[in-house]
Amino acid sequence: MARESETAEEGEEKGMQEEIIQGARIRYIEHPSDVGFEVFGETLEEIFANAAIATFSFMTNIDEIEEEEEREVRLKAEDLCSLMFDWLDEMLFYFESESLVFKKFDIRVNDKDFSLEGKCIGGKFDPAKHSSGIIVKAVTYNMMEVKREDSLWKARVVLDV
């Protein structure tokens, strides 16, 4: 799906590829040494959930992950970019420490005090039964953006691999 002002061919020429994963609209962006994406949504909750899905989608096919684990998350930051950084850093922490991949989110994001709280639902990643992708080492602030554009929220994130 390309935006109205950009054909699919133009997007491919720029190194952008769009996908829908678990209902999340994700546009992968080219980066010389890392990986990146843009996500879109009508609410902040939607872009934060979509950003987590995009991050996990680099590591595995999240459609293969069962929904058998749940974790509570509470975060507070200085601004929306810092909150996105902390959110994705928390997602990577769960992957590294417990092999958890989340695919459903019941979260609330407050853009006044830059806080996030809610539940993440997913399952254990098992390399013997789930496909493996690339290893994401960390979230970066490089090119990070969280903003409202017209009627949609948009976030851009680059991950260190």
Side-chain angles (χ1 to χ4, degrees), residues 1-65 67 73 75 77 79-96 100-111 114 116 118-123 125 130-161:
M1 279 184 193
R3 292 189 322 234
E4 291 173 19
S5 62
E6 173 181 278
T7 67
E9 291 168 356
E10 287 170 338
E12 287 174 18
E13 286 173 15
K14 293 179 186 175
M16 294 183 166
Q17 179 183 11
E18 223 172 86
E19 268 188 64
I20 306 288
I21 300 172
Q22 292 287 311
R25 184 174 151 209
I26 303 164
R27 179 180 301 144
Y28 296 100
I29 56 177
E30 239 180 56
H31 190 276
S33 59
D34 296 319
V35 296
F37 60 83
E38 292 177 340
V39 290
F40 308 87
E42 293 180 15
T43 65
L44 280 169
E45 289 80 7
E46 193 175 348
I47 65 164
F48 275 75
N50 291 351
I53 289 167
T55 300
F56 287 125
S57 75
F58 284 111
M59 299 185 279
T60 190
N61 178 352
I62 66 170
D63 291 331
E64 298 173 353
I65 301 295
E67 296 175 29
V73 177
L75 301 168
D79 56 39
L80 284 177
C81 283
S82 298
L83 188 60
M84 179 64 75
F85 181 97
D86 293 348
W87 164 247
L88 295 176
D89 192 52
E90 187 83 356
M91 296 299 100
L92 291 175
F93 170 78
Y94 278 114
F95 183 80
E96 289 297 318
L100 287 175
V101 173
F102 298 115
K103 59 194 270 184
K104 297 228 169 142
F105 304 90
D106 180 15
I107 57 174
R108 287 156 306 290
V109 179
N110 184 324
D111 63 345
F114 312 115
L116 179 150
K119 293 187 277 192
C120 305
I121 301 159
F125 171 77
H130 299 116
S131 57
S132 294
I134 59 176
I135 296 170
V136 175
K137 293 190 270 185
V139 185
T140 74
Y141 278 104
N142 181 28
M143 297 173 53
M144 185 172 282
E145 188 175 80
V146 178
K147 66 180 182 179
R148 188 156 183 85
E149 267 184 9
D150 301 322
S151 63
L152 286 179
W153 281 95
K154 172 186 167 186
R156 179 186 307 133
V157 175
V158 173
L159 304 168
D160 182 23
V161 294

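Index from 1, following the sequence.
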Determine whether F40 and E149 satisfy the following criterion, side-chain contact (heavy atoms from CB on, under 4.5 Å), listing intermediate values before the conclusion.
CA-CA 10 Å; F40 308 87; E149 267 184 9; 5.6 Å; no
Step by step, would you call L44 with L116 a side-chain contact (heavy atoms from CB on, under 4.5 Å)?
CA-CA 10 Å; L44 280 169; L116 179 150; over 6 Å; no
Begin from the C-alpha positions of F102 and Y94 and carry the test ring pair (Phe, Tyr, Trp, His ring centres under 6.0 Å) through to its verdict.
CA-CA 9 Å; F102 298 115; Y94 278 114; 5.5 Å; yes
Give the intermediate values and the outcome of side-chain contact (heavy atoms from CB on, under 4.5 Å) for residues D160 and D34.
CA-CA 5 Å; D160 182 23; D34 296 319; 3.2 Å; yes
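Here the side chains of M59 and F125 are not in contact, with every heavy-atom distance at 4.5 Å or above. Counting heavy atoms from C-beta on, the side chains of M91 and F56 come closer than 4.5 Å. Inter-residue side-chain proximity for D111 and W153 is flagged as met; some heavy-atom pair is nearer than 4.5 Å.
Here the side chain of T140 pairs a donor or acceptor atom with the backbone of V158 at under 3.5 angstrom. Of the possible polar contacts, one joining the E64 side chain to the S131 backbone as a donor-acceptor pair under 3.5 Å is found. Although no hydrogens or angles enter the test, the distance criterion places no donor-acceptor pair under 3.5 Å between the side chain of K104 and the main chain of E67.
In this structure, CD1 on I21 lies 4.0 Å from CD1 on I26, to the nearest 0.5 angstrom. Note that CZ of R156 is 10.0 Å distant from CG of N142, once rounded to the nearest 0.5 Å. Here the straight-line distance linking atom OG1 of T43 with atom CG of L152 works out to 10.0 Å at 0.5 Å rounding. Atom CG of L100 and atom CD1 of I121 lie 12.0 Å apart (nearest 0.5 Å). Atoms NZ and NZ, on K147 and K154 in that order, are 5.0 Å from each other to the nearest 0.5 Å.
Applying the 6.0 Å contact sphere to CD1 of I134 captures more than 12 heavy atoms from other residues, nucleotides or ligands. In this structure, F93 places its CZ atom where only 12 or fewer heavy-atom neighbours from other residues, nucleotides or ligands lie under 6.0 Å away.
Residues L88 and V157 approach most closely at CD1-CG1, 3.7 Å, considering heavy atoms. Minimum heavy-atom separation, E90 to V73: CG-CG1, 4.3 Å. Summarising the geometry of W87 relative to A49, their closest heavy-atom pair is NE1-N, 4.5 Å, with the distance given to 0.1 Å. The heavy-atom pair separating M143 from I29 by the smallest distance is CE-CD1, 4.0 Å. The two atoms that bring M144 and C81 nearest to each other are SD-O, 3.2 Å, heavy atoms only. When all heavy atoms of T60 and H130 are compared, the closest pair comes out as OG1-CB, 3.9 Å.
Residues in residues 41-50 take part in no salt bridge (charged side-chain N to carboxylate O under 4.0 Å, His left out) pair, two or more places apart or across chains. Residue pairs meeting the side chain to side chain donor-acceptor pair (under 3.5 Å) criterion with at least one partner in residues 49-58, sequence neighbours excluded, are Y28-S57.
The aromatic rings of Y141 and F85 lie parallel to each other, with less than 30° between the two planes, well short of the 60° mark. Using cut-offs of 30° and 60° on the angle between ring planes, the pair F37 and F58 is tilted.
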